[in-house]
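The next block holds one structure in the form of C-alpha coordinates; read it before the comments.
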There are 2 protein chains.
Amino acid sequence: MPQEDRRTRRTRRLLRDALVALVLERGYAGITVEDITERADLGRATFYSHYTDKDALLSQIVADLQAELDSRLEPLLRAPSVGFSGKPILEMFRHAAEERDAYRVILRGEGDGRALREFMEARSAAAAMVFGHRARAMEVTPRIDIDVLARAWVGEQVAVLRWWLEAEPQPLSAEAVTHMLLELSLRGRYWANGFDGEPPTASGEGSPD
Amino acid sequence: MPQEDRRTRRTRRLLRDALVALVLERGYAGITVEDITERADLGRATFYSHYTDKDALLSQIVADLQAELDSRLEPLLRAPSVGFSGKPILEMFRHAAEERDAYRVILRGEGDGRALREFMEARSAAAAMVFGHRARAMEVTPRIDIDVLARAWVGEQVAVLRWWLEAEPQPLSAEAVTHMLLELSLRGRYWANGFDGEPPTASGEGSPD
DNA sequence: ATGTTTTTAAACATGCTGTCCACTATTAAT
DNA sequence: ATTAATAGTGGACAGCATGTTTAAAAACAT
(Lines give C-alpha, C1' and ligand atoms only; values in the text may rest on other atoms or scores of the structure.)
Protein backbone atom coordinates (compact mmCIF):
# COMPACT_ATOMS: atom_id res chain seq x y z
CA MET A 1 0.00 0.00 0.00
CA PRO A 2 2.07 2.83 -1.28
CA GLN A 3 1.31 6.15 0.35
CA GLU A 4 1.38 7.99 -2.92
CA ASP A 5 -0.69 7.27 -5.96
CA ARG A 6 1.43 5.75 -8.68
CA ARG A 7 0.17 8.43 -11.07
CA THR A 8 1.34 11.34 -9.00
CA ARG A 9 4.76 9.81 -8.57
CA ARG A 10 5.03 9.30 -12.28
CA THR A 11 3.76 12.78 -13.08
CA ARG A 12 6.10 14.50 -10.67
CA ARG A 13 9.07 12.58 -11.99
CA LEU A 14 8.16 13.42 -15.56
CA LEU A 15 7.77 17.11 -14.76
CA ARG A 16 11.03 17.16 -12.89
CA ASP A 17 12.96 15.53 -15.68
CA ALA A 18 11.34 17.71 -18.30
CA LEU A 19 12.19 20.90 -16.45
CA VAL A 20 15.80 19.94 -15.94
CA ALA A 21 16.26 18.88 -19.56
CA LEU A 22 14.62 22.00 -20.95
CA VAL A 23 16.49 24.38 -18.68
CA LEU A 24 19.77 22.92 -19.86
CA GLU A 25 18.65 23.40 -23.45
CA ARG A 26 17.07 26.83 -23.35
CA GLY A 27 17.61 28.36 -19.93
CA TYR A 28 15.09 28.77 -17.16
CA ALA A 29 13.62 32.02 -18.41
CA GLY A 30 13.26 30.61 -21.89
CA ILE A 31 10.77 27.89 -21.09
CA THR A 32 7.06 28.00 -20.33
CA VAL A 33 4.87 25.74 -18.29
CA GLU A 34 3.44 24.45 -21.52
CA ASP A 35 6.92 23.57 -22.78
CA ILE A 36 7.41 21.49 -19.67
CA THR A 37 4.12 19.64 -19.88
CA GLU A 38 4.56 19.09 -23.58
CA ARG A 39 7.98 17.53 -23.04
CA ALA A 40 6.57 15.45 -20.21
CA ASP A 41 3.60 14.51 -22.39
CA LEU A 42 1.07 15.74 -19.89
CA GLY A 43 -1.78 18.22 -19.97
CA ARG A 44 -1.00 21.74 -18.88
CA ALA A 45 -3.72 21.64 -16.24
CA THR A 46 -1.94 18.72 -14.64
CA PHE A 47 1.06 20.88 -13.89
CA TYR A 48 -1.02 23.29 -11.86
CA SER A 49 -2.57 20.51 -9.81
CA HIS A 50 0.93 19.69 -8.53
CA TYR A 51 2.79 23.00 -8.40
CA THR A 52 1.74 26.60 -8.27
CA ASP A 53 4.30 27.65 -10.86
CA LYS A 54 7.69 26.99 -12.45
CA ASP A 55 9.51 28.33 -9.42
CA ALA A 56 7.74 25.92 -7.11
CA LEU A 57 8.82 22.98 -9.23
CA LEU A 58 12.42 24.13 -9.24
CA SER A 59 12.34 24.71 -5.49
CA GLN A 60 11.04 21.21 -4.96
CA ILE A 61 13.80 19.72 -7.06
CA VAL A 62 16.42 21.63 -5.12
CA ALA A 63 14.91 20.73 -1.77
CA ASP A 64 14.84 17.03 -2.64
CA LEU A 65 18.44 17.14 -3.77
CA GLN A 66 19.60 18.97 -0.65
CA ALA A 67 17.80 16.49 1.54
CA GLU A 68 19.42 13.58 -0.24
CA LEU A 69 22.85 15.16 -0.01
CA ASP A 70 22.41 15.98 3.65
CA SER A 71 21.41 12.44 4.47
CA ARG A 72 24.50 11.17 2.70
CA LEU A 73 26.75 13.67 4.42
CA GLU A 74 25.29 13.33 7.87
CA PRO A 75 27.31 10.28 8.97
CA LEU A 76 30.52 11.76 7.57
CA LEU A 77 30.13 15.02 9.42
CA ARG A 78 30.09 13.27 12.78
CA ALA A 79 33.59 11.85 12.27
CA PRO A 80 36.28 13.42 14.46
CA SER A 81 38.68 14.61 11.81
CA VAL A 82 36.16 16.19 9.43
CA GLY A 83 37.73 18.71 7.19
CA PHE A 84 40.95 16.80 6.85
CA SER A 85 39.80 13.54 5.31
CA GLY A 86 38.06 15.02 2.30
CA LYS A 87 35.31 12.46 2.56
CA PRO A 88 32.40 14.89 2.62
CA ILE A 89 33.64 16.73 -0.45
CA LEU A 90 34.18 13.51 -2.28
CA GLU A 91 30.69 12.40 -1.36
CA MET A 92 29.27 15.66 -2.67
CA PHE A 93 31.12 15.27 -5.95
CA ARG A 94 29.83 11.73 -6.30
CA HIS A 95 26.30 12.81 -5.60
CA ALA A 96 26.66 15.58 -8.15
CA ALA A 97 27.98 13.17 -10.75
CA GLU A 98 24.95 10.93 -10.22
CA GLU A 99 22.53 13.85 -10.46
CA ARG A 100 24.61 15.69 -12.98
CA ASP A 101 21.91 17.52 -14.88
CA ALA A 102 20.04 18.72 -11.83
CA TYR A 103 23.28 19.98 -10.32
CA ARG A 104 24.14 21.76 -13.53
CA VAL A 105 20.84 23.58 -13.44
CA ILE A 106 21.45 24.69 -9.88
CA LEU A 107 25.10 25.58 -10.25
CA ARG A 108 24.50 27.61 -13.37
CA GLY A 109 22.39 29.89 -11.26
CA GLU A 110 19.15 29.23 -13.15
CA GLY A 111 16.12 30.71 -11.46
CA ASP A 112 17.89 33.99 -10.80
CA GLY A 113 20.43 32.26 -8.59
CA ARG A 114 18.03 31.49 -5.79
CA ALA A 115 18.76 27.77 -5.83
CA LEU A 116 22.48 28.34 -5.97
CA ARG A 117 22.37 30.87 -3.14
CA GLU A 118 20.41 28.50 -0.95
CA PHE A 119 22.72 25.65 -1.78
CA MET A 120 25.84 27.65 -0.94
CA GLU A 121 24.29 29.12 2.17
CA ALA A 122 23.48 25.65 3.48
CA ARG A 123 26.99 24.41 2.76
CA SER A 124 28.58 27.51 4.26
CA ALA A 125 26.56 27.20 7.43
CA ALA A 126 27.64 23.58 7.78
CA ALA A 127 31.26 24.48 7.13
CA ALA A 128 31.23 27.40 9.57
CA MET A 129 29.80 25.11 12.20
CA VAL A 130 32.53 22.54 11.72
CA PHE A 131 35.27 25.17 11.73
CA GLY A 132 33.83 26.92 14.76
CA HIS A 133 33.40 23.71 16.66
CA ARG A 134 36.95 22.65 16.00
CA ALA A 135 38.34 26.03 16.96
CA ARG A 136 36.52 25.89 20.28
CA ALA A 137 37.47 22.29 20.91
CA MET A 138 41.15 23.08 20.47
CA GLU A 139 40.95 26.38 22.31
CA VAL A 140 42.56 28.17 19.45
CA THR A 141 41.76 31.42 17.71
CA PRO A 142 41.71 30.73 14.00
CA ARG A 143 44.13 32.74 11.94
CA ILE A 144 41.34 33.60 9.54
CA ASP A 145 37.80 34.76 10.27
CA ILE A 146 35.54 31.74 10.31
CA ASP A 147 32.90 33.28 8.07
CA VAL A 148 35.52 34.16 5.51
CA LEU A 149 37.00 30.70 5.80
CA ALA A 150 33.65 28.98 5.33
CA ARG A 151 32.60 31.10 2.36
CA ALA A 152 35.95 30.69 0.70
CA TRP A 153 35.96 26.95 1.19
CA VAL A 154 32.46 26.54 -0.19
CA GLY A 155 33.09 28.96 -3.03
CA GLU A 156 36.09 26.93 -4.02
CA GLN A 157 34.18 23.67 -3.99
CA VAL A 158 31.24 24.99 -5.91
CA ALA A 159 33.28 26.74 -8.59
CA VAL A 160 35.37 23.66 -9.22
CA LEU A 161 32.34 21.40 -9.09
CA ARG A 162 30.58 23.48 -11.71
CA TRP A 163 33.63 23.46 -13.94
CA TRP A 164 33.99 19.72 -13.45
CA LEU A 165 30.34 18.97 -14.24
CA GLU A 166 30.32 21.13 -17.34
CA ALA A 167 33.60 19.82 -18.73
CA GLU A 168 33.22 17.39 -21.61
CA PRO A 169 34.63 14.83 -21.31
CA GLN A 170 35.33 14.63 -17.60
CA PRO A 171 39.05 15.41 -17.44
CA LEU A 172 39.62 14.26 -13.86
CA SER A 173 38.14 11.63 -11.59
CA ALA A 174 36.08 12.71 -8.61
CA GLU A 175 38.84 11.39 -6.37
CA ALA A 176 41.54 13.35 -8.18
CA VAL A 177 39.71 16.64 -8.23
CA THR A 178 38.54 16.52 -4.63
CA HIS A 179 42.03 15.55 -3.56
CA MET A 180 43.40 18.65 -5.25
CA LEU A 181 40.73 20.76 -3.66
CA LEU A 182 41.46 19.51 -0.17
CA GLU A 183 45.17 19.73 -0.70
CA LEU A 184 44.83 23.29 -1.93
CA SER A 185 42.57 24.32 0.90
CA LEU A 186 44.75 22.83 3.61
CA ARG A 187 48.15 23.90 2.39
CA GLY A 188 47.53 26.62 -0.17
CA ARG A 189 48.96 27.03 -3.61
CA TYR A 190 52.33 28.13 -2.35
CA TRP A 191 54.17 25.32 -0.68
CA ALA A 192 57.38 25.47 1.29
CA ASN A 193 59.27 23.50 -1.31
CA GLY A 194 58.29 25.99 -3.97
CA PHE A 195 56.21 23.74 -6.18
CA ASP A 196 53.95 26.46 -7.39
CA GLY A 197 56.22 29.42 -7.87
CA GLU A 198 58.28 31.73 -5.79
CA PRO A 199 57.36 32.58 -2.22
CA PRO A 200 56.22 36.04 -1.28
CA THR A 201 59.20 38.16 -0.27
CA ALA A 202 58.52 38.60 3.43
CA SER A 203 56.54 36.82 6.09
CA GLY A 204 53.27 38.23 4.92
CA GLU A 205 52.25 41.00 2.64
CA GLY A 206 53.69 44.12 1.13
CA SER A 207 55.65 42.71 -1.75
CA PRO A 208 57.13 45.21 -4.19
CA ASP A 209 54.34 45.33 -6.73
CA MET B 1 30.67 68.75 -28.62
CA PRO B 2 29.61 65.70 -26.72
CA GLN B 3 29.49 62.58 -28.81
CA GLU B 4 26.28 61.45 -27.25
CA ASP B 5 23.07 63.36 -26.93
CA ARG B 6 22.61 64.52 -23.36
CA ARG B 7 19.16 62.92 -23.33
CA THR B 8 20.34 59.46 -24.23
CA ARG B 9 23.04 59.58 -21.58
CA ARG B 10 20.53 60.64 -18.99
CA THR B 11 17.99 58.05 -20.12
CA ARG B 12 20.46 55.19 -20.08
CA ARG B 13 21.72 56.11 -16.65
CA LEU B 14 18.19 56.32 -15.30
CA LEU B 15 17.25 52.96 -16.76
CA ARG B 16 20.41 51.39 -15.42
CA ASP B 17 19.87 52.69 -11.91
CA ALA B 18 16.21 51.77 -11.94
CA LEU B 19 16.92 48.20 -13.01
CA VAL B 20 19.56 47.69 -10.36
CA ALA B 21 17.41 49.15 -7.60
CA LEU B 22 14.35 47.15 -8.57
CA VAL B 23 16.22 43.87 -8.95
CA LEU B 24 17.56 44.24 -5.44
CA GLU B 25 14.05 44.87 -4.20
CA ARG B 26 12.04 42.28 -6.09
CA GLY B 27 14.40 40.07 -8.04
CA TYR B 28 15.06 40.08 -11.76
CA ALA B 29 12.13 37.87 -12.71
CA GLY B 30 9.79 39.94 -10.58
CA ILE B 31 10.07 43.18 -12.51
CA THR B 32 8.66 44.29 -15.84
CA VAL B 33 9.89 46.75 -18.38
CA GLU B 34 7.12 49.06 -17.28
CA ASP B 35 8.30 48.84 -13.66
CA ILE B 36 11.71 50.00 -14.81
CA THR B 37 10.49 52.91 -16.89
CA GLU B 38 8.09 53.94 -14.18
CA ARG B 39 10.87 54.01 -11.59
CA ALA B 40 13.05 55.91 -14.03
CA ASP B 41 10.16 58.25 -14.80
CA LEU B 42 10.30 57.57 -18.52
CA GLY B 43 7.84 56.37 -21.11
CA ARG B 44 7.79 52.67 -21.82
CA ALA B 45 8.45 53.25 -25.51
CA THR B 46 11.68 54.98 -24.59
CA PHE B 47 13.03 51.78 -23.15
CA TYR B 48 12.60 49.95 -26.42
CA SER B 49 14.37 52.66 -28.36
CA HIS B 50 17.51 51.89 -26.31
CA TYR B 51 17.38 48.19 -25.55
CA THR B 52 15.60 45.24 -27.08
CA ASP B 53 14.58 43.85 -23.70
CA LYS B 54 15.40 43.52 -20.01
CA ASP B 55 18.22 41.09 -20.73
CA ALA B 56 19.93 43.52 -23.06
CA LEU B 57 19.94 46.20 -20.41
CA LEU B 58 21.42 43.85 -17.84
CA SER B 59 24.04 42.66 -20.30
CA GLN B 60 25.04 46.24 -20.99
CA ILE B 61 25.42 46.98 -17.31
CA VAL B 62 27.60 43.94 -16.84
CA ALA B 63 29.71 44.70 -19.89
CA ASP B 64 30.35 48.27 -18.72
CA LEU B 65 31.34 47.06 -15.30
CA GLN B 66 33.68 44.40 -16.64
CA ALA B 67 35.34 46.92 -18.92
CA GLU B 68 35.87 49.32 -16.05
CA LEU B 69 37.28 46.59 -13.84
CA ASP B 70 39.56 45.33 -16.57
CA SER B 71 40.96 48.78 -17.20
CA ARG B 72 41.68 49.15 -13.51
CA LEU B 73 43.28 45.72 -13.29
CA GLU B 74 45.30 45.92 -16.45
CA PRO B 75 48.32 47.77 -15.02
CA LEU B 76 48.40 45.54 -11.94
CA LEU B 77 48.44 42.34 -13.98
CA ARG B 78 51.64 43.34 -15.74
CA ALA B 79 53.59 43.46 -12.49
CA PRO B 80 56.11 40.62 -12.04
CA SER B 81 54.88 39.15 -8.78
CA VAL B 82 51.17 39.09 -9.55
CA GLY B 83 49.34 36.63 -7.41
CA PHE B 84 51.49 37.26 -4.39
CA SER B 85 50.88 40.93 -3.72
CA GLY B 86 47.11 40.78 -3.50
CA LYS B 87 46.79 44.08 -5.32
CA PRO B 88 44.44 42.89 -8.04
CA ILE B 89 42.06 41.32 -5.55
CA LEU B 90 42.10 44.40 -3.43
CA GLU B 91 41.37 46.52 -6.48
CA MET B 92 38.43 44.30 -7.36
CA PHE B 93 37.02 44.58 -3.86
CA ARG B 94 37.36 48.34 -3.99
CA HIS B 95 35.65 48.50 -7.33
CA ALA B 96 32.87 46.31 -6.00
CA ALA B 97 32.44 48.52 -2.95
CA GLU B 98 32.07 51.55 -5.20
CA GLU B 99 29.56 49.82 -7.44
CA ARG B 100 28.05 47.84 -4.63
CA ASP B 101 24.49 47.49 -5.88
CA ALA B 102 25.42 46.51 -9.41
CA TYR B 103 27.83 43.92 -8.07
CA ARG B 104 25.17 42.56 -5.76
CA VAL B 105 22.84 42.09 -8.69
CA ILE B 106 25.49 40.18 -10.59
CA LEU B 107 26.82 38.11 -7.72
CA ARG B 108 23.35 37.05 -6.63
CA GLY B 109 23.04 35.35 -9.97
CA GLU B 110 20.14 37.47 -11.19
CA GLY B 111 19.28 36.91 -14.82
CA ASP B 112 19.54 33.15 -14.47
CA GLY B 113 23.21 33.41 -13.55
CA ARG B 114 24.38 34.48 -16.97
CA ALA B 115 26.07 37.62 -15.72
CA LEU B 116 27.72 35.77 -12.87
CA ARG B 117 28.92 32.99 -15.15
CA GLU B 118 30.44 35.46 -17.57
CA PHE B 119 32.06 37.38 -14.76
CA MET B 120 33.61 34.26 -13.26
CA GLU B 121 34.65 32.91 -16.61
CA ALA B 122 36.49 36.13 -17.40
CA ARG B 123 38.24 36.14 -14.03
CA SER B 124 39.10 32.44 -14.30
CA ALA B 125 40.59 32.88 -17.73
CA ALA B 126 42.75 35.73 -16.46
CA ALA B 127 43.83 33.72 -13.44
CA ALA B 128 44.62 30.62 -15.48
CA MET B 129 46.73 32.74 -17.78
CA VAL B 130 48.72 34.19 -14.91
CA PHE B 131 49.22 30.80 -13.28
CA GLY B 132 50.16 29.16 -16.56
CA HIS B 133 52.57 31.91 -17.47
CA ARG B 134 54.29 31.71 -14.14
CA ALA B 135 54.54 27.92 -14.25
CA ARG B 136 56.20 28.10 -17.66
CA ALA B 137 58.50 30.94 -16.66
CA MET B 138 59.79 28.98 -13.68
CA GLU B 139 59.90 25.69 -15.56
CA VAL B 140 57.90 24.00 -12.90
CA THR B 141 54.97 21.64 -13.04
CA PRO B 142 52.35 22.99 -10.67
CA ARG B 143 51.31 20.65 -7.92
CA ILE B 144 47.68 21.30 -8.79
CA ASP B 145 45.97 21.37 -12.17
CA ILE B 146 45.90 24.94 -13.40
CA ASP B 147 42.23 24.90 -14.35
CA VAL B 148 41.31 23.63 -10.92
CA LEU B 149 43.55 26.20 -9.33
CA ALA B 150 42.07 29.08 -11.31
CA ARG B 151 38.46 28.07 -10.68
CA ALA B 152 39.09 27.52 -7.01
CA TRP B 153 40.83 30.86 -6.62
CA VAL B 154 38.08 32.74 -8.40
CA GLY B 155 35.35 30.81 -6.62
CA GLU B 156 36.90 31.76 -3.33
CA GLN B 157 37.10 35.45 -4.23
CA VAL B 158 33.59 35.64 -5.56
CA ALA B 159 31.97 33.80 -2.67
CA VAL B 160 33.71 35.97 -0.12
CA LEU B 161 33.02 39.11 -2.11
CA ARG B 162 29.34 38.32 -2.23
CA TRP B 163 29.22 37.66 1.49
CA TRP B 164 31.14 40.85 2.15
CA LEU B 165 28.89 43.00 -0.05
CA GLU B 166 25.71 41.59 1.44
CA ALA B 167 26.86 41.87 5.06
CA GLU B 168 25.33 44.76 6.95
CA PRO B 169 27.22 46.54 8.32
CA GLN B 170 30.51 45.79 6.62
CA PRO B 171 32.31 43.70 9.25
CA LEU B 172 35.77 43.88 7.71
CA SER B 173 37.70 46.41 5.66
CA ALA B 174 38.51 45.62 2.05
CA GLU B 175 42.17 45.40 3.04
CA ALA B 176 41.49 42.98 5.88
CA VAL B 177 39.29 40.63 3.89
CA THR B 178 41.50 40.51 0.82
CA HIS B 179 44.52 39.94 3.03
CA MET B 180 42.80 36.92 4.56
CA LEU B 181 41.85 35.67 1.15
CA LEU B 182 45.37 35.90 -0.19
CA GLU B 183 46.83 34.45 2.95
CA LEU B 184 44.42 31.55 2.78
CA SER B 185 45.03 30.92 -0.87
CA LEU B 186 48.80 30.98 -0.57
CA ARG B 187 49.26 28.99 2.61
CA GLY B 188 45.98 27.21 3.17
CA ARG B 189 43.94 26.93 6.30
CA TYR B 190 46.27 24.47 7.92
CA TRP B 191 49.54 26.07 8.83
CA ALA B 192 52.71 24.39 10.06
CA ASN B 193 52.43 25.97 13.48
CA GLY B 194 48.99 24.54 13.91
CA PHE B 195 47.03 27.76 14.05
CA ASP B 196 43.92 26.32 12.55
CA GLY B 197 43.62 22.89 14.06
CA GLU B 198 45.43 19.62 13.97
CA PRO B 199 47.41 18.52 10.97
CA PRO B 200 46.25 15.63 8.85
CA THR B 201 47.75 12.41 10.16
CA ALA B 202 50.14 11.55 7.38
CA SER B 203 51.90 13.39 4.59
CA GLY B 204 48.84 13.61 2.45
CA GLU B 205 45.52 11.91 2.46
CA GLY B 206 43.91 8.82 3.84
CA SER B 207 43.19 9.83 7.39
CA PRO B 208 41.18 7.41 9.48
CA ASP B 209 37.70 8.80 8.90
C1' DA C 1 15.80 80.26 -35.37
C1' DT C 2 16.26 75.79 -37.58
C1' DG C 3 16.72 71.14 -38.71
C1' DT C 4 17.63 66.92 -36.23
C1' DT C 5 17.07 63.62 -32.77
C1' DT C 6 14.78 61.87 -28.79
C1' DT C 7 10.84 61.12 -25.98
C1' DT C 8 6.16 60.09 -25.57
C1' DA C 9 1.22 58.22 -25.27
C1' DA C 10 -1.84 55.32 -27.43
C1' DA C 11 -3.20 51.41 -29.77
C1' DC C 12 -2.35 46.81 -31.27
C1' DA C 13 -1.51 41.68 -31.90
C1' DT C 14 0.60 38.02 -29.55
C1' DG C 15 1.77 34.81 -26.10
C1' DC C 16 1.96 33.15 -21.31
C1' DT C 17 -0.32 32.77 -16.86
C1' DG C 18 -3.22 30.80 -13.53
C1' DT C 19 -8.01 29.27 -12.69
C1' DC C 20 -12.08 26.76 -13.52
C1' DC C 21 -15.06 23.29 -15.39
C1' DA C 22 -17.12 18.96 -16.88
C1' DC C 23 -15.43 14.69 -18.39
C1' DT C 24 -12.48 10.55 -18.76
C1' DA C 25 -8.97 7.31 -17.09
C1' DT C 26 -6.51 5.12 -13.56
C1' DT C 27 -5.96 3.46 -9.17
C1' DA C 28 -6.49 1.00 -4.62
C1' DA C 29 -9.48 -1.56 -1.93
C1' DT C 30 -13.15 -4.63 -1.34
C1' DA D 1 -14.95 -7.74 -10.84
C1' DT D 2 -17.03 -3.82 -8.92
C1' DT D 3 -16.74 0.42 -6.93
C1' DA D 4 -15.55 4.78 -4.82
C1' DA D 5 -11.93 7.87 -4.82
C1' DT D 6 -8.42 10.25 -6.93
C1' DA D 7 -5.74 12.05 -10.85
C1' DG D 8 -5.39 13.61 -15.57
C1' DT D 9 -7.48 16.23 -19.54
C1' DG D 10 -8.96 19.69 -23.04
C1' DG D 11 -11.15 23.86 -23.47
C1' DA D 12 -12.43 28.36 -22.24
C1' DC D 13 -11.45 32.43 -19.63
C1' DA D 14 -9.62 37.06 -17.96
C1' DG D 15 -5.43 39.37 -16.82
C1' DC D 16 -1.10 40.89 -17.83
C1' DA D 17 3.52 41.70 -20.07
C1' DT D 18 5.71 41.96 -24.47
C1' DG D 19 7.41 44.24 -28.44
C1' DT D 20 5.97 47.16 -32.52
C1' DT D 21 4.11 51.06 -34.74
C1' DT D 22 2.28 55.70 -35.14
C1' DA D 23 2.08 60.66 -35.09
C1' DA D 24 2.95 64.47 -32.27
C1' DA D 25 5.64 67.05 -28.77
C1' DA D 26 9.93 68.16 -26.53
C1' DA D 27 14.82 68.75 -26.14
C1' DC D 28 18.89 69.20 -28.45
C1' DA D 29 23.13 71.15 -31.20
C1' DT D 30 24.43 74.67 -34.04
Side-chain angles (χ1 to χ4, degrees), chain A residues 1-64 105 110-115, chain B residues 1-62 64 105 110-112 114-115:
Chain A
M1 44 168 141
Q3 300 194 339
E4 230 188 359
D5 195 306
R6 198 188 298 156
R7 289 169 292 179
T8 67
R9 246 200 330 277
R10 178 189 124 94
T11 296
R12 294 211 166 106
R13 211 189 49 244
L14 286 171
L15 289 174
R16 189 202 118 110
D17 293 348
L19 177 75
V20 169
L22 285 168
V23 168
L24 290 179
E25 288 172 20
R26 286 186 245 155
Y28 186 76
I31 65 176
T32 69
V33 171
E34 185 155 25
D35 291 332
I36 299 169
T37 55
E38 193 178 314
R39 173 70 61 106
D41 200 19
L42 294 167
R44 194 167 70 92
T46 308
F47 180 95
Y48 289 104
S49 72
H50 287 274
Y51 306 99
T52 64
D53 51 26
K54 239 179 19 169
D55 282 9
L57 173 53
L58 181 56
S59 291
Q60 191 54 57
I61 292 172
V62 176
D64 289 350
V105 167
E110 300 284 356
D112 285 349
R114 229 188 52 190
Chain B
M1 46 165 141
Q3 299 194 341
E4 230 188 0
D5 195 308
R6 199 188 297 154
R7 289 168 293 181
T8 67
R9 238 197 339 274
R10 178 190 122 95
T11 296
R12 293 212 167 102
R13 209 189 50 244
L14 287 171
L15 289 174
R16 189 202 118 110
D17 293 348
L19 177 75
V20 169
L22 285 168
V23 168
L24 290 179
E25 288 172 20
R26 287 186 244 156
Y28 186 76
I31 65 176
T32 69
V33 171
E34 185 154 27
D35 291 332
I36 299 169
T37 55
E38 193 178 315
R39 172 70 61 106
D41 200 18
L42 294 167
R44 194 167 69 94
T46 308
F47 180 96
Y48 289 105
S49 72
H50 287 274
Y51 306 99
T52 64
D53 51 26
K54 241 179 15 170
D55 282 8
L57 173 53
L58 181 56
S59 291
Q60 191 55 57
I61 293 172
V62 175
D64 290 350
V105 166
E110 299 285 356
D112 285 347
R114 230 189 50 190

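Each chain gets a letter, A, B and so on, in the order its sequence line appears, and its residues count up from 1.
- Going from atom OG1 of B/Thr37 over to atom NE2 of B/His50 covers 12.0 Å, rounded to the nearest 0.5 Å.
- A salt bridge links B/Asp35 and B/Arg26; the closest N-O separation between the charged side-chain nitrogens and carboxylate oxygens is under 4.0 Å.
- One finds the OG1 atom of B/Thr46 at 13.0 Å from the CD1 atom of B/Ile36 (value rounded to the nearest 0.5 Å).
- The distance from the CG atom of A/Leu19 to the OH atom of A/Tyr28 is 7.0 Å, given to the nearest 0.5 Å.
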Residues A/Val105, A/Leu58; criterion side chain to side chain contact (heavy atoms under 4.5 Å, CB included); working and verdict: CA-CA 9 Å; A/Val105 167; A/Leu58 181 56; 4.1 Å; yes
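- With hydrogens and angles disregarded, no donor-acceptor distance shorter than 3.5 Å links the side chain of B/Asp112 to the backbone of B/Arg114.
- As rounded to whole Å, 15 Å separates atom P of D/dT6 from atom CZ of A/Arg12.
- OP1 or OP2 of D/dA27 has not a single side-chain nitrogen or oxygen of B/Arg7 nearer than 4.0 Å.
- At C/dG18, none of the side-chain N or O atoms of A/Thr52 fall inside 4.0 Å of OP1 or OP2 (strictly under the cut-off).
- With rounding to whole Å, B/Arg9 atom CZ is found 14 Å from C/dT6 atom C1'.
- For the atom pair A/Arg12 CZ and A/Asp17 CG, the distance stands at 14.0 Å (nearest 0.5 Å).
- Listed in residue order, the members of residues 41-49 of chain B having a heavy atom less than 4.0 Å from DNA chain D are B/Arg44, B/Tyr48.
- Here the C1' atom of nucleotide D/dA27 and the CZ atom of B/Arg10 are 11 Å apart, to the nearest Å.
- A 4.5 Å side-chain heavy-atom check between A/Ile31 and A/Lys54 finds at least one atom pair inside the cut-off.
- Note that OG1 of B/Thr11 is 9.0 Å distant from OH of B/Tyr51, once rounded to the nearest 0.5 Å.
- OP1 and OP2 of D/dA7 both lie 4.0 Å or more from every side-chain N or O belonging to A/His50.
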Evaluation steps, side chain to side chain contact (heavy atoms under 4.5 Å, CB included), between B/Asp53 and B/Val33: CA-CA 8 Å; B/Asp53 51 26; B/Val33 171; 5.9 Å; no
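- Per the geometry, CD belonging to A/Glu38 stands 12 Å off P belonging to D/dG10, to the nearest Å.
- Recorded end-axis angle for the helix from C/dA1-D/dT30 to C/dT30-D/dA1 stands at 50°, based on five pairs per end and rounded to 10 degrees.
- A heavy-atom distance below 4.0 Å to DNA chain C is reached by none of the residues of residues 15-36 of chain B.
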Under the criterion side chain to side chain contact (heavy atoms under 4.5 Å, CB included), I'd like the reasoning laid out for A/Leu42 against A/Leu15: C-alpha separation, chi angles, the key distance, then a yes or no. CA-CA 9 Å; A/Leu42 294 167; A/Leu15 289 174; 3.9 Å; yes
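- D/dA7 atom P lies 16 Å from atom CG of A/Leu14, rounded to whole Å.
- Between B/Asp5 atom CG and D/dA29 atom P the separation is 6 Å, expressed in whole Å.
- Look at OH on A/Tyr51: it is 11 Å from P on D/dG8, rounded to the nearest Å.
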